[in-house]
Amino acid sequence: GVWRQTRALLFKNCLIKCRTKKSSVQEVLFPLFFLFWLILMSMMHPHRKYDEVANTNLGTLDTSMLVNFIIGYTPPTRMAREIMKKVAFDNFEDGIITEEYLSEEELQEASAFKPSNFVGVVFSDAMSYQLRFHDSVAMSSIYMESR
């Protein structure tokens with residue numbers, strides 16, 4: 001039954017492989033050739049590993065660009081207010097103008113009427129946010145590669 005059919009099929013396949021030596025050799029050598037080619041290419045273009053950059057003083061921030069800079073944020077939660085207070089007053093002497101909005105729609109409407117120095121911040125929760133610039137969205141890129 002089954003054993004005789006399996007043995008006959010194996011014998012048939014061996015006969016075919018012996019009679020078509022060229023294609024049998026190609027079946028073995030082509031994968032080895034491509035494997036060699038991949039190894040050679042990976043050796044020619046190794047992964048670059050960059051060393052750490054030492055901490056350096058970048059100097060003082062040019063605050064002349066931040067004159068009349070407006071940051072709008074939503075939703076007006078206690079955590080968002082604390083974060084925006086730190087951004088506005090702890091880092092800059094003059095302070096940055098911060099405005100809170102009740103909803104994302106109000107923030108978008110305000111950004112349409114404000115000058116080009118308006119940035120919106122939409123807090124998703126205490127640890128994540130989205131920046132809004134002139135009809136575009138920028139995601140926070142803590143774990144993303146450099147663009």
Side-chain angles (χ1 to χ4, degrees), residues 2 5-6 9-10 12-14 16-147:
V2 175
Q5 288 178 351
T6 306
L9 185 61
L10 286 173
K12 180 186 126 188
N13 286 339
C14 286
I16 291 173
K17 292 294 180 189
C18 290
R19 291 178 184 165
T20 57
K21 287 183 171 82
K22 183 178 177 183
S23 65
S24 299
V25 170
Q26 287 176 350
E27 284 181 15
V28 173
L29 291 182
F30 275 158
L32 292 175
F33 170 75
F34 287 125
L35 180 65
F36 171 75
W37 186 255
L38 284 173
I39 292 171
L40 182 67
M41 293 302 287
S42 68
M43 290 172 64
M44 289 174 58
H45 300 287
H47 295 290
R48 291 184 182 156
K49 184 173 181 178
Y50 296 102
D51 294 331
E52 283 185 19
V53 177
N55 291 337
T56 58
N57 185 4
L58 299 176
T60 59
L61 179 64
D62 183 16
T63 56
S64 64
M65 296 177 61
L66 301 176
V67 174
N68 298 326
F69 196 73
I70 302 168
I71 300 176
Y73 65 94
T74 188
T77 61
R78 183 184 62 80
M79 183 63 74
R81 284 187 189 107
E82 289 177 16
I83 291 171
M84 296 312 290
K85 182 180 175 185
K86 281 187 178 288
V87 167
F89 297 109
D90 291 355
N91 298 321
F92 305 102
E93 305 87 34
D94 301 333
I96 295 176
I97 302 167
T98 59
E99 299 175 353
E100 67 179 42
Y101 296 94
L102 296 176
S103 68
E104 215 171 319
E105 291 78 25
E106 285 184 23
L107 180 73
Q108 289 176 349
E109 289 174 13
S111 68
F113 297 113
K114 300 284 181 179
S116 62
N117 57 355
F118 181 86
V119 174
V121 180
V122 179
F123 289 95
S124 304
D125 55 35
M127 300 302 286
S128 60
Y129 60 90
Q130 291 180 339
L131 297 177
R132 306 282 175 151
F133 299 98
H134 305 290
D135 301 327
S136 65
V137 177
M139 300 295 287
S140 62
S141 60
I142 295 172
Y143 298 109
M144 297 175 69
E145 291 183 5
S146 174
R147 294 176 194 226

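Atoms considered below: every heavy atom in the structure, side chains included; atoms not considered: hydrogens, waters and symmetry mates.
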Residues which pass salt bridge (charged side-chain N to carboxylate O under 4.0 Å, His left out) with Arg19, listed by chain and number, not counting sequence neighbours: none
OG1 of Thr74 to CD of Gln130: how many Å apart, nearest 0.5 Å? 12.0 Å
Rounded distance (nearest 0.5 Å) linking atom CG of Leu40 with atom CE of Met43: 7.0 Å
What distance separates Ile39 CD1 from Phe34 CZ, expressed to the nearest 0.5 Å? 14.0 Å
What pair of heavy atoms forms the shortest contact from Phe118 to Leu107, and how long is it? CZ-CD1, 3.8 Å
Glu106 side, atom CD; Glu100 side, atom CD - distance, nearest 0.5 Å: 10.5 Å
First locate atom CD1 of Ile71, then atom CG of Leu131, and finally report the distance between them rounded to the nearest 0.5 Å. 9.0 Å
Indicate yes or no: does Glu82 engage Arg78 in a salt bridge with an N to O separation below 4.0 Å. yes
Give every residue pair that meets the side chain to side chain donor-acceptor pair (under 3.5 Å) criterion with at least one member in residues 27-44, sequence neighbours excluded. Lys17-Glu27
Give the minimum heavy-atom separation between Ala80 and Pro75, together with the two atoms involved. CB-O, 3.6 Å
Taking Pro76 as the fixed residue, which of Met84, Glu99, Arg81 is the one that meets the side-chain contact (heavy atoms from CB on, under 4.5 Å) rule? Arg81
To check you understand the geometry: which heavy-atom pair defines the closest contact between Tyr129 and Val121, and what is its length? CB-CG1, 4.1 Å
For residues Thr20 and Ser23, report the shortest heavy-atom separation together with the two atoms involved. O-OG, 3.1 Å
